[in-house]
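Notes follow once the structure below has been shown.
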Amino acid sequence: MTDSLSDNAQPIVPQDELIQHTDEDTPTYTLAIAIEFLGTHYYGWQRQKEVLGVQQVLEAAISKVANETVEVVAAGRTDSGVHASNMVAHFVTRAYRPTHNWLRGVNSLLPDDIALRWIQPMPSDFHARFKAIARRYRYVTLNQDTRPAILNHQVTHIHQPLDLAAMQKAAADIVGTHDFTSFRAAACQSNQPVRTISHAKLFAHGAFIVFDIQADGFLHHMVRNLMGTLYAIGRHELQPDDLLAILAQKDRTIAPPTAAGDGLYFIKAYYPDEYESLLPKEPLTPIWLNLPD
């Protein structure tokens, strides 16, 4: 990963254009970042005491470059083993650095499985989590007889043939606003289970089956639980209409098991135009799928 932006992204902002704010006469800077990470060796995004999360690794690197303690706030929280290829986050700092210095410095301190894709100065009221209006994931299944080696833990391998048409019919039924109690983890901390799905596309891409889903928010394990049910439908253990029936029951215990985290990627967060227009425009990911946006 280099510190330069892709050809179709916004240029790095020159150092004299950094957006400066004042907090009790101390200049501060709000910086948005995009993070790429493989979640295989991490217990999710969130900082934790007993186990390693991506957040604490990233905060340690940024804090060292800033020469002060920095808190990084992400657009979403990923589960243990789940990946992100364009996780938007932000931090506020009193440290002044040109953007290319931030990128080079932080990336030089990060392990090989975490990297910054870009950094962008933002208005002081930008908040990666609370200002996000939608989030988007892709779940990638490798549906072939033999297991992968190079993509081990980067896709979910299903060796049995899957009925794609049946899975597509079921996925189309969840577009709209629903109570997703049947597809939330027992440990989910959200205060309400209703979410609005703007799209839920399931399609074949060579030997891969890609589940592309966007919503105003996601519950703990929601995408993986939906994928577990779609797998059951693809194996003809359930019928396509059973997904809506499970949804209506509002009971997690009647749904199939949670799918593995290996194939899940956080790929984008969306913001109101006044923020979205400032953020670099990167191709959607994972890059190795070579999918159109």
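All heavy atoms count here, side chains included; hydrogens, waters and symmetry mates do not.
Linking Ile, Leu, Val, Met, Phe, Trp and Tyr whenever their side-chain heavy atoms come within less than 4.5 Å puts Val106 and Leu109 in one cluster. Note: the hydrophobic cluster containing Leu284 also contains Phe208 (ILVMFWY, side chain heavy atoms under 4.5 Å, direct or indirect links). The hydrophobic clustering, which links ILVMFWY residues whose side-chain heavy atoms are closer than 4.5 Å, places Val73 and Ile33 apart. Under a hydrophobic clustering in which Ile, Leu, Val, Met, Phe, Trp and Tyr are joined whenever their side-chain heavy atoms come within less than 4.5 Å, directly or via other members, Ile287 and Phe37 fall into different clusters. There is a path of hydrophobic side-chain contacts, each under 4.5 Å, that joins Val155 to Phe203.
A ring-centre distance under 6.0 Å is found for Tyr137 and Phe218.
Between the CD1 atom of Ile209 and the OG1 atom of Thr156 there is a distance of 11.5 Å, given to the nearest 0.5 Å. A distance of 13.5 Å separates CD1 of Ile119 from CZ of Arg104, quoted to the nearest 0.5 Å. Rounding to the nearest 0.5 Å places OG1 of Thr285 at 5.5 Å from CZ of Arg117. Between the CG atom of Leu202 and the CZ atom of Phe211 there is a distance of 6.5 Å, given to the nearest 0.5 Å. Atoms CZ and CG, from Arg94 and Asn67 in turn, are 10.5 Å apart once rounded to the nearest 0.5 Å. How far CE of Met227 is from CD1 of Ile233: 9.5 Å, rounded to the nearest 0.5 Å.
Sparse packing is recorded around OH of Tyr43, with 12 or fewer heavy atoms of other residues, nucleotides or ligands lying under 6.0 Å away. Atom CD of Gln160 sits in a crowded spot, with more than 12 heavy atoms from other residues, nucleotides or ligands closer than 6.0 Å. Within 6.0 Å of atom NE2 in His199, more than 12 heavy atoms from other residues, nucleotides or ligands are found, so the atom counts as buried in its surroundings. Counting non-hydrogen atoms of other residues, nucleotides and ligands closer than 6.0 Å to NZ of Lys250 gives a total of 12 or fewer.
The aromatic rings of Phe130 and His127 lie parallel to each other, with less than 30° between the two planes, well short of the 60° mark. Ring-plane geometry between Trp288 and Tyr265 is classed as perpendicular, the angle between the planes exceeding 60 degrees on a 0 to 90 degree scale with a lower cut at 30.
When atom types are taken as modelled, the side chain of His221 and the backbone of Phe183 share no donor-acceptor pair closer than 3.5 angstrom. Here the side chain of Tyr270 pairs no donor or acceptor atom with the backbone of Asp216 at under 3.5 angstrom. When atom types are taken as modelled, the side chain of Gln48 and the backbone of Glu50 share no donor-acceptor pair closer than 3.5 angstrom. Side-chain atoms of Gln239 do not come within 3.5 Å of backbone N or O of Asp241 as any donor-acceptor pair. Between the Arg97 side chain and the Val65 main chain, a donor and an acceptor come within less than 3.5 Å of each other. No donor-acceptor distance shorter than 3.5 angstrom exists from the side chain of Gln46 to the backbone of Gly53, with no hydrogens or angles considered. Between the side chain of Ser198 and the main chain of Gln214, a donor-acceptor pair closer than 3.5 Å is present. No donor-acceptor pair closer than 3.5 Å links the side chain of Asp212 to the backbone N or O of Lys201. In this structure, the side chain of His205 does not engage the main chain of Leu291 through any donor-acceptor pair within 3.5 Å. His83 places a side-chain N or O within donor-acceptor distance of the main-chain N or O of Asp262, the cut-off being under 3.5 Å.
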Checklist entry - Where do Tyr29 and Trp102 land on the ring-ring contact (aromatic ring centres under 6.0 Å, His included) test, with the steps shown first? => result CA-CA 12 Å; Tyr29 307 92; Trp102 278 115; 8.8 Å; no

Next on the checklist: For a side chain to side chain donor-acceptor pair (under 3.5 Å) check, start with the C-alpha distance between Thr141 and Asn143, then their side-chain angles and the critical distance, and finish with the verdict.
Outcome noted: CA-CA 6 Å; Thr141 304; Asn143 190 207; over 6 Å; no

Checklist entry - Given Trp45 and Phe266, is the side-chain contact (heavy atoms from CB on, under 4.5 Å) satisfied, shown in steps? => result CA-CA 11 Å; Trp45 162 262; Phe266 185 107; over 6 Å; no

Item to check | Worked check of side chain to side chain donor-acceptor pair (under 3.5 Å) between Tyr275 and Asp125 | outcome: CA-CA 10 Å; Tyr275 306 116; Asp125 62 349; 3.0 Å; yes

Next on the checklist: Would Leu238 and Leu243 count as a side-chain contact (heavy atoms from CB on, under 4.5 Å) here? Give the steps.
Outcome noted: CA-CA 8 Å; Leu238 294 174; Leu243 192 150; over 6 Å; no

Checklist entry - Asn152 and Arg147: side-chain contact (heavy atoms from CB on, under 4.5 Å), yes or no, with the steps? => result CA-CA 8 Å; Asn152 184 37; Arg147 66 174 178 83; 5.8 Å; no

Checklist entry - For Leu278 and Met122, what are the C-alpha separation, side-chain angles and deciding distance, and is it a side-chain contact (heavy atoms from CB on, under 4.5 Å)? => result CA-CA 7 Å; Leu278 297 174; Met122 296 295 286; 3.9 Å; yes

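Contacts of Gln249 classified as side chain to side chain donor-acceptor pair (under 3.5 Å), with partners at least two apart in sequence or in another chain: none.
By the 4.5 Å heavy-atom criterion applied to side chains, Leu116 and Leu58 are counted as neighbours. Between Arg135 and Met87 the shortest side-chain heavy-atom distance does not fall below 4.5 Å. At a threshold of 4.5 Å between non-hydrogen side-chain atoms, the residues Tyr42 and Val57 count as touching. With contacts defined as side-chain heavy-atom distances shorter than 4.5 Å, the pair Thr93/Glu68 qualifies. Annotation: side chain of Ile246 is in contact with side chain of Pro256 (closest heavy-atom distance under 4.5 Å). Side-chain contact check for Leu151 versus Val140: every heavy-atom pair is 4.5 Å or farther apart. Side-chain contact check for Leu247 versus Asp173: every heavy-atom pair is 4.5 Å or farther apart. In this structure, the side chains of Leu162 and Arg235 come closer than 4.5 Å at one or more pairs of heavy atoms.
Here the closest heavy-atom approach between residue Ala171 and residue Leu230 is recorded as N-CD2, 4.0 Å. Shortest non-hydrogen contact noted between Ala259 and Gly228 is CB-N, 3.8 Å. For the residue pair Thr229 and Ala255, the shortest heavy atom distance occurs at OG1-CB, 4.2 Å. Heavy-atom minimum distance, Ile197 versus Ala215: CD1-CB, 3.6 Å. The shortest heavy-atom contact between Pro280 and Trp118 is CG-CD2, 3.5 Å. The heavy-atom pair separating Leu110 from Ile114 by the smallest distance is CB-O, 3.5 Å.
Ionic pairing of Glu276 and Lys268 is present here: one or more N-O contacts between side-chain nitrogen and carboxylate oxygen are shorter than 4.0 angstrom.
Side-chain contact check for Arg252 and Thr258: at least one donor-acceptor pair (N or O, by modelled atom type) lies under 3.5 Å. Side-chain contact, Ser85 with Arg138: no donor N or O sits under 3.5 Å from an acceptor N or O.
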